[in-house]
Structures are given as C-alpha cells and as structure tokens.
2 protein chains.
Amino acid sequence: MNPEAPTLAVSTVIFALRATDSSETSPATLWLPLVRRIREPFEGKWALPGGPIGASESLGDAAARNLLETTSLRSRYLEQLYAFGTLDRSPSQRVVSIVYWALVRPDEAERATEGENVRWFAADDPPQLAFDHNTIVEYALWRLRNKMEYSRIAHAFLGERFTLTQLREVYEAVLRKPLDPANFRRQIESTNSVVATDERLAGGRHRPPRLYRYNESFDLADNGPLPMT
Amino acid sequence: MNPEAPTLAVSTVIFALRATDSSETSPATLWLPLVRRIREPFEGKWALPGGPIGASESLGDAAARNLLETTSLRSRYLEQLYAFGTLDRSPSQRVVSIVYWALVRPDEAERATEGENVRWFAADDPPQLAFDHNTIVEYALWRLRNKMEYSRIAHAFLGERFTLTQLREVYEAVLRKPLDPANFRRQIESTNSVVATDERLAGGRHRPPRLYRYNESFDLADNGPLPMT
DNA sequence: TCAGTTCAAGTCAATTGCACCTTTACTGCC
DNA sequence: GGCAGTAAAGGTGCAATTGACTTGAACTGA
C-alpha cells in the first residue's frame, strides 16, 4: 500500500420534512440529522454521518450502512452527490470523501433517536460544521432543489398513499414558494406519475381529498444509465 | 494504513468533435481518445486515461495531470462525473475510480499524438474496453447530452470566435438531430450567452456570417455552488 | 341547517415553442 | 458584368403550455 494514499470515506446528507414547531398548522420545512464528533479533529463539532468503506461493500452500501449505524435511519432514496478531495479539508490527514444524499419519510425520520450525539437541524441554517461539511450541505441543498424541478423525486418524502395537497406541500417546503393548487394538480396529472386510488382521506373538516399512489413504472430520479449501487 | 482500503484512482472521459472522414463536407461527430493498457489486468485492451492521485493535488488536478501525461491534451472544460466503486470492477484488487469528463476543442484535439497506445474512437461505438469503462463512457455521453440542453457547455467545443452555424453544428453533432437554423439563432440570442463581434467569416461561397464570441459573464456549466477543484 | 374549508374542474389571456417563409448578401462561373 | 447558387438573417403564424383567476362540489362541526 502506498503510504501517501488518501484515506477514503463516505458521508451522507440526509433530508427529511418536519413541522417547524409542534403545532399542526405550521408548514413543514427541510431538516437534516447531524452527529457530534467524538474525537479529533473537530471534536465536539457537528458533522455529517459517515465512516470508512468496508472491504466487501459498494460505495452506496457503505453510505447506507453508516447511515443506519449512526442515526438508525433507512433511506428511501440514496444518490451519490460528489467526491470531495481538496487538500485542505482535513488537518494533518488527507481524506477523500464520497458523499451521498438521502431522502427519508417523516415516519421514518422519527426513528432517528435524538440524543446527545444525534440531533436534527434546519437544513437552511445549520451550525458551523466540522471539515468542509457546510459547503457539502449547501451543495446538497442546491442539488435537491434543482432535481425537484425536473424529476419526481418529491415522492420519496411521502408514504404509499398521499393527497395532491400533501404532494404540493412537499414542493412548497423544498422550493420555499407557494404553488397554485389548481395548476399544480393539472401539471402532476398530465405527467401520469401518480395514479388515483378509490380511497379518500376522511376526517378533515372539508371535502375529503382523493388519495393517490406513485406510478411504479415511472423513473423517480432520472439519473440516466447508472448502475445505482 | 488499512490493508483492506481500496485503491483510489482518477480517470477521464474526453470528448472532442471530429470530422467523420477526411472530407470537409461530412458532419462532425463525437470522438474520444483511449489509451492501450500495457499491463495486467486487461493488458492490450483500450481504456480511459487515468492513474493514481498525487499526495499534493486535488482530484481535479489529478485528472488534468493524468490527461496531459497520457494523451498530451489540455482540456477547456473538466467536471467530475461519478465515483465508481463496485466490488467487481477490477479482478483481484479493489479499485475506486473518481471519473471526470472533459471537453476539448478541435485544434487542441490534434495535439493528441495518435500512436500505438493512444487512439481516437467514435464515442457512440467504442470497442470493448477494460474494467467497467464501457459503462462509464455510456454514462458520460448521457451526461453530456443532458447538459447540452440546459447549459452553455457547447462553447467548450469551439474556439474564441465562431459563427452561429458552427455553434449549431456542435449541438447537432452531440444531440444527433438537426435543428432549425432560424429558431436556434433566436434561442441563443435570447440568452445573451454570446456577443456579436464586428468581424465576419469570409471565404465561403455565400454571404459571410458574423463571428461571435462567448459572453464571459455567463456561467458555462451551471454546476451550482461547487468549488470546482 | 348553515358557515367554513378545501377539493376539483374550468376559463381565458399571455407566453413560449416550433414549422415554415422571405429577404439579404456574398461567391463562382459564364 | 450579370446571373445562378447558397447560406445568413430576419419575420410570420399556429399550436401547445403556463399562470392567474373563477366556479361549483363535498364534507365537517357548530
């Protein structure tokens, strides 16, 4: 082995939608879980979950495993973001990080056991992070918002059944702008990416909205001919 | 050092436009230079140029250096493509390749000294390559064609001064479909990505077309808040 | 039963995209 | 020198899409 070879690691930026406060009426916003570093460098600072790559796992598998081990989260969507490898990202040691980004559903996000060393932060306003992780979060946010506009990735934030209003609220939360409900409905229906079910969501104090499910024959991510492993 | 740590390398997919045959009238198509492997595994097979990452260079610098050393090419545009790291990509040894893609201008492409170990191939129909390099080329082609449609990346294929017809021919060659000259002109002019010069290209047996130059204040790639190193 | 709320569908003007047409300006040849 | 050929450059009109707005339907809770 070359003693000058950089250390290789994977990290993951995880996004989930959470209510801004405990009230039901407040709109959801983007949050991400961070882990506290328990050793130098940057001991005590918050950082993206990550770790080394196992000898018998692919890069994506390594990201998913690290995710599960450090935050107890299983992601519905996992995509490679970028490989970061400038010289100055870590003091004393050369580290090349292959970073993934993940989307988890709200019910799954609850499983992330918050504690002293794992906590959720607003994605748009994270604290000062270890290494170059602030830059990485910023880039991941850009990619997410970009991809929302040309793919059906929003579905990864939702469960099996959802109303068109819920789907619209995902777009509004990520893109941070209100969308016209009628036009949104027309656009989504024209793509055939969702399928209407017979069920309706009862219980609200208004006309019960129809529940939809995702059209499985649709490509969620539009990532081209990539072997997503 | 962890003896199980994967070997880290960079490779680059280089694209250039070249005339299909020696005649001037034939339309240009996409070509890429490949290098012949001179050792096992896959000795004798064609492969993407690449190599190890130096101790004091960033990933992008490593890609550019390898490019220059193996093919004598300096690229006008270099962007990270993807990090490939499945277990089966190389026999006996675990290799993680961080792959870049590059665009070079026709005049620069001439510098690639073709010989026994470096040769140009049609990008859409490469031979059977070493490792998973056929997959990588296919993905790079997808990214290039995708990016042509929402960025001004085509300019990286051209020199300082160019006519709108030349620019249109770049799009036609990459996207493999004819474009309406009038509509193309209007679209390009509406973006303000090019600036008209006073010069015209004389010598043709027709009305001399105006020469344009690229608007430097325009973002060529639209890669978001990435530190492109 | 009624007020309040949201779902769901429809209308219309403005904008954009695309196919096609006309005019302009040069070169090469007779 | 005039004419034919060619591509540049600009223009026109239709179709599809988008965005702002309106209307009616369906349900809950008081």
Side-chain angles (χ1 to χ4, degrees), chain A residues 19 23-28 148-152 154 158-159 161-173 175-215, chain B residues 19 23-28 145-146 148-152 154 158-159 161-173 175-215:
Chain A
S23 76
E24 287 254 333
T25 55
S26 68
M148 284 290 279
E149 299 186 350
Y150 67 86
S151 78
R152 301 281 135 229
L158 296 171
R161 298 275 186 280
F162 51 87
T163 69
L164 289 188
T165 296
Q166 289 171 337
L167 183 60
R168 175 170 51 83
E169 284 167 351
V170 172
Y171 278 88
E172 290 178 334
L175 300 178
R176 290 178 300 182
K177 64 179 178 188
L179 300 173
D180 184 280
N183 295 334
F184 179 80
R185 167 180 305 276
R186 188 173 44 182
Q187 281 174 21
I188 294 296
E189 283 176 341
S190 70
T191 64
N192 280 86
S193 62
V194 297
V195 181
T197 69
D198 294 337
E199 305 159 62
R200 286 168 183 278
L201 183 63
R205 54 199 316 184
H206 51 73
R207 173 175 173 176
R210 187 183 290 275
L211 285 168
Y212 290 78
R213 63 178 174 80
Y214 181 65
N215 184 347
Chain B
S23 76
E24 288 254 332
T25 56
S26 68
R145 293 192 164 121
N146 218 39
M148 284 290 280
E149 298 186 350
Y150 67 87
S151 78
R152 300 283 135 229
L158 295 171
R161 298 276 186 280
F162 51 87
T163 69
L164 289 189
T165 296
Q166 288 170 338
L167 182 61
R168 176 171 50 82
E169 283 167 351
V170 171
Y171 278 87
E172 289 178 336
L175 301 178
R176 291 177 301 183
K177 64 179 177 187
L179 300 173
D180 184 280
N183 295 333
F184 179 81
R185 166 180 306 277
R186 199 174 23 183
Q187 281 174 23
I188 294 296
E189 282 176 342
S190 70
T191 64
N192 279 87
S193 61
V194 296
V195 180
T197 68
D198 293 337
E199 306 160 61
R200 288 169 183 276
L201 181 63
R205 54 199 316 186
H206 51 73
R207 173 176 174 175
R210 185 183 292 275
L211 285 169
Y212 290 79
R213 64 178 174 80
Y214 181 66
N215 185 348

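Below, chains carry the letters A, B, ... as their sequence lines are ordered, and counting in each starts from 1.
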**OP:** Answer yes or no: is there a donor N or O on one side and an acceptor on the other, between the side chain of B/Arg210 and the main chain of B/Thr197, under 3.5 Å?
**Re:** yes
Original post:
A/Pro208 or B/Thr163: which one's nearest nucleotide on DNA chain D is closer to the 5' end?
Top reply: B/Thr163
Original post:
Over how many whole Å does the gap from A/Leu201 atom CG to D/dC27 atom P extend?
Top reply: 13 Å
Subject >> Below 4.0 Å: OP1/OP2 of C/dC7 and any side-chain N or O of A/Thr165 >> reply: yes
Original post:
A/Glu169 CD to C/dT6 C1': how many Å, rounded?
Top reply: 11 Å
Original post:
Distance check: side-chain N/O of B/Arg210 vs OP1/OP2 of C/dT24, anything under 4.0 Å?
Top reply: no
**OP:** Measure the shortest side-chain to side-chain distance between B/Met148 and B/Leu175 over non-hydrogen atoms and say whether it is less than 4.5 angstrom.
**Re:** yes
Subject >> Rounded interatomic separation in angstrom, taking NZ from A/Lys177 and C1' from D/dA20 >> reply: 15 Å
Subject >> Atom of A/Ala154, atom of A/Leu167 and distance for their closest heavy-atom approach >> reply: CB-CD1, 4.1 Å
Subject >> Distance, rounded to the nearest Å, where B/Phe162 contributes CZ and D/dA8 contributes P >> reply: 14 Å
Subject >> DNA chain D contacts made by residues 180-189 of chain B, counting heavy atoms under 4.0 Å >> reply: B/Ala182, B/Arg185, B/Arg186
Subject >> B/Leu167 CG - D/dA9 P separation (whole Å) >> reply: 13 Å
Original post:
With side chains defined as the heavy atoms from C-beta onward, is the minimum distance between A/Thr165 and A/Glu169 less than 4.5 Å?
Top reply: yes
**OP:** Compute the ring centroids of A/Tyr171 and A/Phe184, then answer whether they are less than 6.0 Å apart.
**Re:** yes
Subject >> Salt-bridge criterion met for B/Lys177 and B/Glu172 (N-O under 4.0 Å) >> reply: no
Original post:
Rounded to the Å, how far apart are A/Leu179 CG and C/dC7 P?
Top reply: 14 Å
